[in-house]
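Please read the structure below before turning to the comments.
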Amino acid sequence: MINKDHPRYQSLLYREKIVEAHKNGILADSGMIAHGRGETFDYLIGEKTTDNSKNTIEVAACYFLTRKRPVLSVNGNTTALVSEDIAELSKILDIPVEINLYYRTPERIKNIEAVYQKLGVKEILGTDDDDFIDTPDLNGPRSPVSIEGINKADLIFIPLEDGDRAEKLAALKKDIVNVDLNPLSRTAITSTVTIVDNIVRAMPLLIEYVNKYSECDKDILLEKIKNYDNRKNLDNAIHDIIKRFE
Ligand code: PTJ
């Protein structure tokens, strides 16, 4: 129904995916609002992956390849937009996908689980059959995490979520890789690595870098991590926005 020559063609396609996911009981009602918030920041950064963010995605790949137990935590918005990329990353790295929802209901858990089952994900955690333990000092439905998943993970990927959980996971000395178009969000500030980019562009690039560096000497990857500063990354992201409007 959308004209390919429409100037906002891509953006409208992703809106359709979001609406579809809502109809299919995958996206929370608030997920629509979260998507709109993301669109606003994407407009400000110019709807493209900046050089700064390419570098950050490269560093994120280094983290995935040097940590012992990474987990991909997914919610409704991430599933709506990039479930195929999540399944691919899980396969390449041989790591679990854990469902963790802010607006948790048994129906949404089942619907999201079905998406990843269909995509052939080997280990799907966080379903209602799992064994859970609370995240210390975190209240609400996102506090319980899979005992074998996020609980034991040393690196957690938490794209597109609000700040309270990131702070508590960081307090547990876990590394956090986050994707958030808003460089000022609490999650962005608390994470170890914050990819300020639209997840639909960031995921394919992340997979590309993971493939590129999979055979690389670990010391080289650790050196890239050592030279990375997330605060500087966020400053660069904010300056990239300012520069566009100078
Ligand atoms: O599926 P649930 O129940 O776990 O609920 C998920 C939402 C997203 C509704 C919940 O975590 C929430 O309310 O999140 P917030 O506080 O709106 O934060 C979402 C963040 O993701 C915001 O900072 C947005 O700018 C950002 N964002 C939204 N869409 C994208 C994005 N970042 C990157 N790519 C996007 N496509």
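Note that ligands are numbered from 1 as they come in the structure, with each ligand's atoms numbered from 1 the same way.
Results of the side-chain contact (heavy atoms from CB on, under 4.5 Å) test with Ser143 over Ile133, Asp134, Asn100, Asp164 single out Asp134 as the only residue that passes.
Near Leu81, meaning under 4.0 Å from one of its heavy atoms, ligand 1 places the atoms 36 (N). For ligand 1 and Glu161, the ligand atoms under 4.0 Å from any heavy atom of the residue are 11 (O), 18 (O). Listed by number with element, the atoms of ligand 1 under 4.0 angstrom from any heavy atom of Arg108 are 1 (O), 2 (P), 3 (O). Numbered from 1 in the order shown, with element, the atoms of ligand 1 that lie under 4.0 Å from a heavy atom of Gly31 read 9 (C). Close contacts of ligand 1 with Gly76, meaning ligand atoms under 4.0 Å from a residue heavy atom, involve 1 (O).
From the protein, the heavy atom lying nearest to atom 7 (C) of ligand 1 is Asn77 OD1, 4.1 Å. Looking from atom 30 (C) of ligand 1 to the surrounding protein, the closest heavy atom is Leu160 CG, 3.7 Å. If you check which protein heavy atom lies closest to atom 4 (O) of ligand 1, you get Tyr102 N, 2.7 Å. Looking only at heavy atoms of the protein, atom 14 (O) of ligand 1 is closest to Asp162 N, 3.7 Å. If you check which protein heavy atom lies closest to atom 32 (N) of ligand 1, you get Leu181 N, 3.2 Å. The closest protein non-hydrogen atom to atom 36 (N) of ligand 1 is Asn198 OD1, 2.9 Å. Nearest to atom 34 (N) of ligand 1 among the protein's heavy atoms is Ile199 N, 3.0 Å. When only non-hydrogen protein atoms are considered, atom 17 (O) of ligand 1 lies nearest to Arg37 NH1, 3.1 Å.
Side chain to side chain, Tyr63 and Thr192 fail the donor-acceptor criterion of an N or O pair below 3.5 Å. Judged by distance alone, the side chains of Tyr116 and Thr79 do bring a donor and an acceptor atom under 3.5 Å apart. Counted by atom type alone, Asn233 and Asn236 present zero donor-acceptor pairs between their side chains at under 3.5 Å. A side-chain donor from one of Ser146 and Asp130 sits under 3.5 Å from a side-chain acceptor of the other. Using a 3.5 Å distance cut-off with no hydrogens or angles, the side chains of Ser73 and Arg165 do pair a donor with an acceptor. Side-chain polar atoms of Thr187 and Asp180 form no donor-acceptor pair below 3.5 angstrom.
Selection from Ser185, Gly36, Ser30, Ala34 by nearest heavy atom to atom 28 (C) of ligand 1 gives Ala34. Taking only non-hydrogen atoms, the option from Asp180, Asp164, Thr79 nearest to atom 25 (O) of ligand 1 is Asp180. Taking each of Asn75, Thr187, Val196, Leu101 in turn, the one with a heavy atom nearest to atom 6 (C) of ligand 1 proves to be Asn75.
Within the structure, side chain to side chain donor-acceptor pair (under 3.5 Å) pairs that include any residue of residues 208-223 comprise Glu58-Tyr213 (at least two apart or interchain).
The shortest N or O to N or O distance between Tyr103 and ligand 1 is under 3.5 Å.
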Check your understanding: Can Gln10 and Glu47 be said to form a side chain to side chain contact (heavy atoms under 4.5 Å, CB included), step by step?
Key -> CA-CA 10 Å; Gln10 286 298 334; Glu47 294 175 317; over 6 Å; no

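Within the structure, the closest approach of Asp197 to ligand 1 falls below 4.0 Å when heavy atoms are considered.
Checked for salt-bridge contact, Asp240 and Lys243 meet the test: a charged N lies under 4.0 Å from a carboxylate O.
Proximity of Tyr102 to Asn75: side-chain heavy atoms (C-beta onward) are nowhere separated by under 4.5 Å.
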